[in-house]
Amino acid sequence: MRILLAEDDSIIADGLIRALRKSGYAVDHVTTGADADTALVGQPFDLLILDLGLPRLDGIEVLKRLRARRCSIPVLILTAQDGVDARVRGLDAGADDYLSKPFVLAELEARVRALTRRGTGMPTQIEFGPLAYHQSERCVRMAGQVVDLSARELALLEVFLLRAGRLVSKEQLVDHLCSWGEEVSNNAIEVYVHRLRKKLDPSGVRIVTVRGLGYSLEKPDART
Ligand code: CA
C-alpha cells in the first residue's frame, strides 16, 4: 500500500509518516499543492491524505484536478477544526472522507484502512489456502496462529494476496512498497521475497519465481 501525504505542517506530517510506516505503508510526502499535483500525475498511489490548506495550489484545487483526470484513488482530507465549509467543499470536490485537526492517530489509521480497503476492493479478510489475512488487525494467521512478519513482509504479502494467482512484477512490488528517496533495488526485493517465502514455508503457500517476469503466489494444492 502506497500513500501520498500532502501536508505542510511538519509536526503533523512527521507524526503521520512515522505511524503509517510503522504499520507497513509506504509513505511519500509533499508539502505543496503543486508538488502533490505533479506526484499524482506520475505515480501510482493507493491513497491520498490531503491537507486542504496547502501553499502553491490549495488542496481543493489538487482534488478537482485529480478527479478531472478521472483518477479514482481514495482521498482523505484534513481540515481545520471549524472548517465546515472546507469539509463540504472537499467532499463536493470528490473527497471520500475527512478528519478535522487535531485528530487522534488511531482514528486516522482506521480511516486509512477503510479507504484503502474500498480503493483496492480488498475485503476485511482474505483466506488463501491455510492462511487467513485480517485487514483490521493487519496480521496473517496460519492455523489460528499469528505468523510473525515484519511490516515490510506483511506489506509484500498484501500485494501478493490482492493479486493471488496472477503475476506480480518486481516493478509493481517496488512501486507499492517503497517511498521516494528509498533506494530499493531489485536485489533488496529478492531478499524480502526470500524471507517471506521462508516464513510461509510451513503453510505450503509458495511464492513462485517466474524468471524474468516476477512472482506469483500459489496455494499448496497447486504443487506439482
Ligand atoms: Ca496546512
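All ligand and atom numbering here is 1-based and tracks the order in the structure. The figures that follow rest on heavy atoms only: side chains count, while hydrogens, waters and symmetry mates do not.
- Of all the heavy atoms in P74 and L47, the pair that sits closest is O-CD1, 3.4 Å.
- Side-chain polar atoms of Y133 and E158 form a donor-acceptor pair below 3.5 angstrom.
- Side-chain contact of R197 with T209: a donor-acceptor pair under 3.5 Å is present, judged by distance alone.
- Checked against the Ca ion (ligand 1), the N, O or S atom of D51 at the shortest distance is OD2.
- For the Ca ion (ligand 1), the set of nearby N, O or S atoms under 3.0 Å includes one belonging to D8.
- Between the side chains of S216 and R166, not a single donor N or O lies within less than 3.5 Å of an accepting N or O.
- Distances from the Ca ion (ligand 1) show that G53 has an N/O/S atom below 3.0 Å.
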